[in-house]
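Working notes, structure below.
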Protein chains: 2
Amino acid sequence: MKRVRLVDVAEVAGVSTKTVSNVVHDYPHVAPELRRRVQAAIDKLGYRPNLTARRLVTGKTGMIALAIPEIDHPYFSELSRQIAEEAARRNYRVIIEQTLGKLEAEHAVLEDREAGLVDGIIFHPVSIGALSIAKLHHDTPLVLLGEGAMPATSDHVMIDNVAAAAEAVQFLLGQGRRRIAFLGVVEDDVTFSTDKRLLGYQQGLIEAGLDPDPGLVLSVQDFSSEASGEAVRAALERGVSIDGIVCRDDKFAAGALRACAAAGISVPDGIAVLGWDDTAIGKYTTPSLTSVAPDKSALASTALELLTERIDGFRGVGRHRIVPHGLTIRQSTPSVPSELPMPQGEPAVPSA
Amino acid sequence: MKRVRLVDVAEVAGVSTKTVSNVVHDYPHVAPELRRRVQAAIDKLGYRPNLTARRLVTGKTGMIALAIPEIDHPYFSELSRQIAEEAARRNYRVIIEQTLGKLEAEHAVLEDREAGLVDGIIFHPVSIGALSIAKLHHDTPLVLLGEGAMPATSDHVMIDNVAAAAEAVQFLLGQGRRRIAFLGVVEDDVTFSTDKRLLGYQQGLIEAGLDPDPGLVLSVQDFSSEASGEAVRAALERGVSIDGIVCRDDKFAAGALRACAAAGISVPDGIAVLGWDDTAIGKYTTPSLTSVAPDKSALASTALELLTERIDGFRGVGRHRIVPHGLTIRQSTPSVPSELPMPQGEPAVPSA
DNA sequence: GCCTCAAGATACAGCGCTGTAAACTTGTAT
DNA sequence: ATACAAGTTTACAGCGCTGTATCTTGAGGC
């Protein structure tokens, strides 16, 4: 059962292959009668165009690669969904590449050893540095995500992490908390994200006239929620006085919640806990989690906008976009209204 | 900056394009000296083979489609990860197609309007029926996942849902529970999965000599954890006596947990709660969730095994494989050891 | 010294499609 | 009637690669 080709349809319909192609593509200048005849032949034979052949001649694959550390990490799976849907809207398909944050895999993403597979790449780097990106990157259009490396040569989208962290601190301060901890510095492996968030945390305190207490910066063994729980438990045991925790991400916040529960401390009454990323995790914890909420939808649409512009021929230095963030307020912080206004970050700036 | 082609390399190296191709493919019969020269030219020019062209001539794309309802549902994202990793091991790339369980999208998956995009499809159907699958399915190799439609003509992989549900019931019975409820029948929309699990639940009770109480089958408005919580709350308010709940999935279990907490009922002391799918959700709830655990890794490897066999030419009627399941025991069920042995389901049957 | 054979290298066709340009067919203005 | 524009259809090259068949070369056997 050989696959039906354009020529087969053409033969049956008694026209040239190009006319069949024109019908397939809804080219306007085809006589109605012919169009009908060709369509009948297509239906009769069950013709389906061979995408690979089309790609070879057009040079467009209609696919983009999404390279992320972990498919099944809630933040990335939720982001992937947004990106996949936005891509579908623009008639692109997405192929997901999992790097596990490994340098080797991240190199592979850029080295892109086989060309012509995708029209562009959306890449959330973890380990690789800006220099390596600039060096390894070929001419495949690329948009970077996250707070990792951001070489000036590449397009890049993220939220304002520093501002968001400062706002998170302000939010807790506005509820009367004064001993606010930051949870999330993994020893010997300070990621860019953690760095920015920690900076914002300190900035928020300073702006409020408070003196950041180094003893309130809690470091964690690894990226598991167990380790973060352990860090909080240890701090509590040391007798560190804490009435609020800003966490590097929701996983860490979940660990903090457990540690508080184990120590018999009520959340949010005793300690307010604030997560980051607004993932589904926050809906399932007890209490549910207040969390810094990157606008994932804006992240996705901005990334695709930049990427498609590059695909469509834009050449220029790297553009850096900040997309909005908010705060999803749930049970892990007090429900008293904050007196402080909550700025929402700069709006995304769609280019003209 | 034109892309470097095989002919460019050939010209620089002073050989035929085929020889370059042979070097690229590590074809053994190439003289060492020539190989060196060609490799030097490849490196110098930064040649990367054009996959699309290769595909056109070989007819293989090296890609498989994974069609699932929701990318960001924990079960599917975890399963996707397994499948992506297993596929990578076999040198396939995965392109993820999200159907949202919509009939139209599911049709599109099978109609596969553009051929030559993927070598095979792994599909977890929700809405589409067996007949439609059989009717719409072209010749692209296909493996079905889940408890949905399973036409005799297609390969199919799942766990033994009936057995797993019966075992879950037995597990609770073994801990002395007698008023075990089933949570998860969404009104007017009984999925195949729910159906099977409900059947196993009833079977488990009957096998233990108990009479299933219809009042213990709790129906839920929709697939959210809020709705499931509401269903449990309502049952409790009606005064239904319950000491254990087997839930259709972890989301529903999370809702049940909340409802119990709200009603002041301790889990697992008052009511034991058992989820399904062993997703990450279960790690973040309080208490953490005991859950029926499909062997996702086996699911993935079996699906890929069947699929690659088809891709490699196997023609035959649909094969149906059952992969193992277990029970991940956490805090939402009592920690007393069960006296009943916990069968683990049939092992996966790798074909010869 | 001649023949055979395997390894090494190549020429060439063609995978299935679309872009280009050219050919042909009307309809309309002159 | 004639020219010309607009609408319609087609021939053909070629995207970049690999499979097949073929050719070349040098070693080994008699």
Side-chain angles (χ1 to χ4, degrees), chain A residues 1-39 41-42 45-62 112-119 138-140, chain B residues 1-39 41-42 45-62 112-119 138-140:
Chain A
M1 183 160 90
K2 193 100 177 58
R3 171 142 282 156
V4 181
R5 295 156 309 158
L6 214 45
V7 287
D8 301 322
V9 177
E11 195 175 342
V12 168
V15 297
S16 73
T17 59
K18 192 63 218 286
T19 298
V20 178
S21 173
N22 285 340
V23 170
V24 169
H25 286 277
D26 275 323
Y27 179 74
H29 301 305
V30 176
E33 148 65 8
L34 249 204
R35 181 184 300 278
R36 218 172 300 121
R37 218 165 77 210
V38 170
Q39 189 58 54
I42 288 175
L45 299 178
Y47 169 71
R48 292 169 304 152
N50 181 322
L51 266 206
T52 303
R54 182 183 292 170
R55 284 172 183 185
L56 180 58
V57 47
T58 59
K60 293 268 175 205
T61 68
D112 189 17
R113 295 210 59 76
E114 288 144 337
L117 179 63
V118 294
D119 293 335
H138 288 272
D139 46 2
T140 310
Chain B
M1 182 160 87
K2 194 100 175 56
R3 169 142 283 156
V4 182
R5 294 156 309 156
L6 214 44
V7 288
D8 303 320
V9 177
E11 195 175 343
V12 168
V15 296
S16 74
T17 59
K18 192 61 218 288
T19 296
V20 179
S21 172
N22 286 340
V23 170
V24 169
H25 286 277
D26 276 325
Y27 178 73
H29 301 306
V30 177
E33 148 65 10
L34 250 203
R35 181 184 299 278
R36 218 171 301 122
R37 217 165 79 211
V38 170
Q39 189 58 55
I42 288 175
L45 299 179
Y47 170 72
R48 293 170 303 151
N50 181 320
L51 268 205
T52 303
R54 183 183 293 170
R55 284 172 183 186
L56 180 58
V57 48
T58 60
K60 292 270 174 202
T61 68
D112 188 19
R113 295 209 59 76
E114 288 144 338
L117 179 64
V118 294
D119 294 335
H138 288 273
D139 46 1
T140 310

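Just so it is clear, the values below take in all heavy atoms, side chains as well, and ignore hydrogens, waters and symmetry mates. Within every chain, numbering begins at 1; the chains are lettered A, B, ... in the order of the sequence lines, protein sequences first and strands thereafter.
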Q. Taking atom P of D:dT18 as reference, at what distance in whole Å does atom CG of B:Leu56 sit?
A. 11 Å
Q: Would you kindly give the CZ-to-C1' distance between A:Arg37 and D:dT8, to the nearest whole Å?
A: 13 Å
Q) Atom CG in B:Leu6, atom CD1 in B:Ile42: separation rounded to 0.5 Å? A) 8.0 Å
**Q.** A:Ala41 versus A:Val12, closest heavy-atom pair with distance
**A.** CB-CG1, 3.8 Å
Q.
Using the side-chain hydrogen bond (donor to acceptor under 3.5 Å, both in side chains) criterion, which residues pair with B:Gln39? Sequence neighbours excluded.
A. B:Asp43
Q) Taking all atoms of both residues into account, what is the closest heavy-atom pair of B:Thr52 and A:Gly116, and its distance? A) OG1-O, 2.7 Å
Q) What integer distance in Å separates A:Arg54:CZ from C:dC17:P? A) 8 Å
Q.
If I take atom CZ in residue A:Arg48 and atom P in nucleotide C:dG16, what distance separates them, rounded to the nearest angstrom?
A. 13 Å
**Q.** End axis versus end axis in the helix from C:dG1-D:dC30 to C:dT30-D:dA1, the angle rounded to 10°, five pairs used at each terminus
**A.** 50°
Q: Let me know the distance between CZ of A:Arg3 and C1' of C:dC15, rounded to the nearest Å.
A: 13 Å
Q | Atom-to-atom span, CG of A:Asn50 to P of D:dC15 - whole angstrom | A | 18 Å
Q. Applying salt bridge (Lys or Arg N to Asp or Glu O under 4.0 Å), which residue pairs with at least one partner in residues 46-59 of chain A are found, sequence neighbours left out?
A. A:Arg48-B:Asp112, A:Arg48-B:Asp139
Q.
From the set D:dC17, D:dG16, C:dT18, return the single nucleotide nearest to any side-chain atom of A:Ser21.
A. C:dT18
Q: Output all residues satisfying side chain to side chain contact (heavy atoms under 4.5 Å, CB included) with A:Val7, sequence neighbours left out; order by chain, then residue number.
A: A:Arg5, A:Thr17
Q: Could you grab the distance from atom OG1 of B:Thr140 to atom CG of B:Leu117, nearest 0.5 Å is fine?
A: 9.5 Å
Q: Quick one: list whatever passes side-chain hydrogen bond (donor to acceptor under 3.5 Å, both in side chains) with A:Thr61, sequence neighbours left out.
A: A:Asp119
(Q) How many whole angstroms separate atom CG of B:Leu51 from atom C1' of D:dT18? (A) 13 Å
**Q.** Base-contact (B) and sugar-phosphate-only (S) positions in nucleotides 6-14 of chain C, heavy-atom cut-off under 4.0 Å, - elsewhere
**A.** --SSBB--B
Q) Just how far, in rounded Å, is P of D:dT10 from CD of A:Glu11? A) 14 Å
Pairs: protein N or O with nucleotides 23-27 of chain C N or O, under 3.5 Å:
none

Q. At their closest point, which heavy atom of B:Tyr47 faces which heavy atom of B:Val4, and how far apart are they?
A. CD1-O, 3.4 Å
Anything under 3.5 Å between a donor and an acceptor, one on a side chain of residues 22-38 of chain A, the other on a protein residue two or more places apart or in another chain? List them.
from, atom 1, to, atom 2, distance (Å)
A:Asn22, ND2, A:Lys18, O, 3.4
A:Glu33, OE1, A:Arg36, NH1, 3.4
A:Arg35, NH2, A:Tyr27, O, 2.8
A:Arg37, NE, A:Ala13, O, 3.1
A:Arg37, NH2, A:Ala13, O, 3.0

Q. Does B:Thr19 have any side-chain hydrogen bond (donor to acceptor under 3.5 Å, both in side chains) partners at least two apart in sequence or in another chain, and if so, which?
A. B:Ser16
